[in-house]
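Structure, as structure tokens:
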Amino acid sequence: GAVVSQHPSRVICKSGTSVKIECRSLDFQATTMFWYRQFPKQSLMLMATSNEGSKATYEQGVEKDKFLINHASLTLSTLTVTSAHPEDSSFYICSARDVGRIQETQYFGPGTRLLVL
Amino acid sequence: AQSVTQLGSHVSVSEGALVLLRCNYSSSVPPYLFWYVQYPNQGLQLLLKYTSAATLVKGINGFEAEFKKSETSFHLTKPSAHMSDAAEYFCAVSYSGGGADGLTFGKGTHLIIQP
């Protein structure tokens, strides 16, 4: 089956530092990947849509300069949280769209838990 | 614009009993609807999805959901609950069936299974 991985699974950083989260599609090519964030006991909120080789599309209210997204290859998208602050602490989940299947489907990664001290 | 409302943040049923998780949607275009399950500290796993092919959709682990346009609902059911079904369940809506667009999620329903 289609597998999406995220690295790291957990990260703790100091306030003001930057953190990079990787999202990889392991056995399929993903022209489109999505980044979500989930606060404790809340739903997932779409942050941005990442398209391979082009600029990401951000949802309203998401700061593009704070959440840098790069989708340099068909199997890798990265989310960099720049100058992280405690309010950025959250569970970040990516998903990847498998266009190679007859029924296109989004597959979700296991998530990255970010704690900013 | 589209939105999803899940009634009941927590649902508790006895093992072996019927599971019913409610989901109502709002969409300006014919929707594609999904149910996902999330186990603690894990990502989301697709249970089933509605893409207009059939109103009754069967998914994994014995779950099914019925699309009712007149009620704008897509409730998730399972005839007999199992302890392993305890998890967080999310209903989601999208403009596209294959994930060309990001998903809009409901707030989730925490399913508790009583022994």
Side-chain angles (χ1 to χ4, degrees), chain A residues 1-10 21 23-25 28 30-51 56-60 62 69 77 91-115, chain B residues 1-11 21-25 32-54 57-61 87-112:
Chain A
V3 179
V4 175
S5 69
Q6 284 185 238
H7 178 78
S9 58
R10 296 174 183 240
I21 302 170
C23 176
R24 293 182 184 272
S25 56
F28 65 96
T31 55
T32 304
M33 291 183 174
F34 303 90
W35 286 96
Y36 298 83
R37 66 186 298 182
Q38 183 181 29
F39 291 105
K41 298 185 179 181
Q42 294 190 29
S43 187
L44 285 77
M45 298 296 293
L46 178 65
M47 298 176 64
T49 302
S50 169
N51 294 298
T57 303
Y58 291 82
E59 295 299 301
Q60 190 173 6
V62 178
I69 292 173
S77 175
F91 194 46
Y92 292 86
I93 301 176
C94 73
S95 70
R97 177 188 175 206
D98 184 357
V99 297
R101 291 174 177 254
I102 296 176
Q103 290 186 325
E104 302 170 23
T105 302
Q106 272 187 52
Y107 295 95
F108 284 80
T112 296
R113 190 164 300 283
L114 170 63
L115 178 59
Chain B
Q2 51 191 359
S3 65
V4 174
T5 301
Q6 290 183 243
L7 297 177
S9 59
H10 291 77
V11 170
L21 304 182
R22 299 177 186 275
C23 172
N24 289 88
Y25 70 90
Y32 294 89
L33 296 158
F34 308 79
W35 274 101
Y36 285 88
V37 60
Q38 184 182 35
Y39 296 100
N41 298 313
Q42 294 186 28
L44 276 71
Q45 180 181 7
L46 179 67
L47 282 176
L48 49 81
K49 67 177 181 180
Y50 166 75
T51 57
S52 78
V57 183
K58 294 185 183 298
I60 62 172
N61 301 339
E88 192 80 18
Y89 291 80
F90 292 97
C91 182
V93 64
S94 171
Y95 289 119
S96 69
D101 305 292
L103 300 174
T104 299
F105 286 87
K107 292 188 175 182
T109 297
H110 187 65
L111 178 61
I112 302 165

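Chain letters run A, B, ... following the sequence lines, proteins first and then strands; every chain starts at 1.
A 4.5 Å side-chain heavy-atom check between A/Y36 and B/L103 finds at least one atom pair inside the cut-off. Using a 4.5 Å heavy-atom cutoff, the side chains of B/L111 and B/T109 are not in contact. No side-chain heavy atom of A/L44 sits less than 4.5 Å from a side-chain heavy atom of B/Y36. Residues A/Y107 and A/S25 form no side-chain contact, since every pair of their non-hydrogen atoms from C-beta on lies 4.5 Å or further apart.
The part of B/Q38 that comes within reach of chain A is its side chain, from C-beta onward, which places non-hydrogen atoms under 4.5 angstrom from that chain. Looking at B/L44, the atoms closer than 4.5 Å to chain A (heavy atoms on both sides) sit in the backbone and in the side chain alike. Contact of A/Q38 with chain B is made through the side chain alone, with heavy-atom distances under 4.5 Å.
Interface check for chain A: of the options B/G108, B/G106, B/S9, B/A92, the most heavy-atom pairs under 4.5 Å are formed by B/G106.
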